[in-house]
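All heavy atoms count here, side chains included; hydrogens, waters and symmetry mates do not. Note that the coordinates shown come from a computational prediction; the quantities given were computed from them, not determined experimentally. Here, residue 1 is the first one in the sequence, and each next residue gets the next number.
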Amino acid sequence: QLSPARALLSAPFWLGGPTMASDYTPAAEGIPQYFLPMLDDRDRNLKYHAAITAAIRQFKAEQRRPPRVLDVGVGTGMLSAICLE
């Protein structure tokens, strides 16, 4: 079974890969209770994936170059990872 940290780094968990360990208690680790179920929400993550890839595709078509992406957040880096695909 993957550790919570390894599960977060497993790619691509937002597309239905490994989920968080069931015995992990986020509150004990200082993470809000809603955070891990949010990351495990496949439908939500697929919608982020579709929106980001559509925006990148449109940008490339209009600007004829790849975009520069800056993820200013304190999350898992999931959105940045999607941008790098």
Interatomic spacing from SG in Cys83 to CE in Met78 - rounded to 0.5 Å
10.0 Å
Working to the nearest 0.5 angstrom, can you tell me the gap between Asp43 CG and Tyr48 OH?
13.5 Å
CZ-CG distance between Arg44 and Leu46, expressed to the nearest 0.5 angstrom:
11.0 Å
List in chain and number order the residues that pass side chain to side chain donor-acceptor pair (under 3.5 Å) with Thr53, two or more places apart in sequence or in another chain; answer none if no residue qualifies.
none
The reported gap from CG in Asn45 to CG in Leu39 (rounded to nearest 0.5 angstrom) is 6.5 Å
Here the gap from Arg42 atom CZ to His49 atom NE2, rounded to the nearest 0.5 Å, amounts to 11.0 Å
Pick out which of Val69, Asp71, Ile52 makes a side-chain contact (heavy atoms from CB on, under 4.5 Å) with Ile82.
Ile52
Just distance, no hydrogens or angles: give the donor-acceptor pairs under 3.5 Å from side chains in residues 55-66, sequence neighbours left out.
residue, atom, partner, partner atom, Å
Gln58, NE2, Glu62, OE2, 2.9

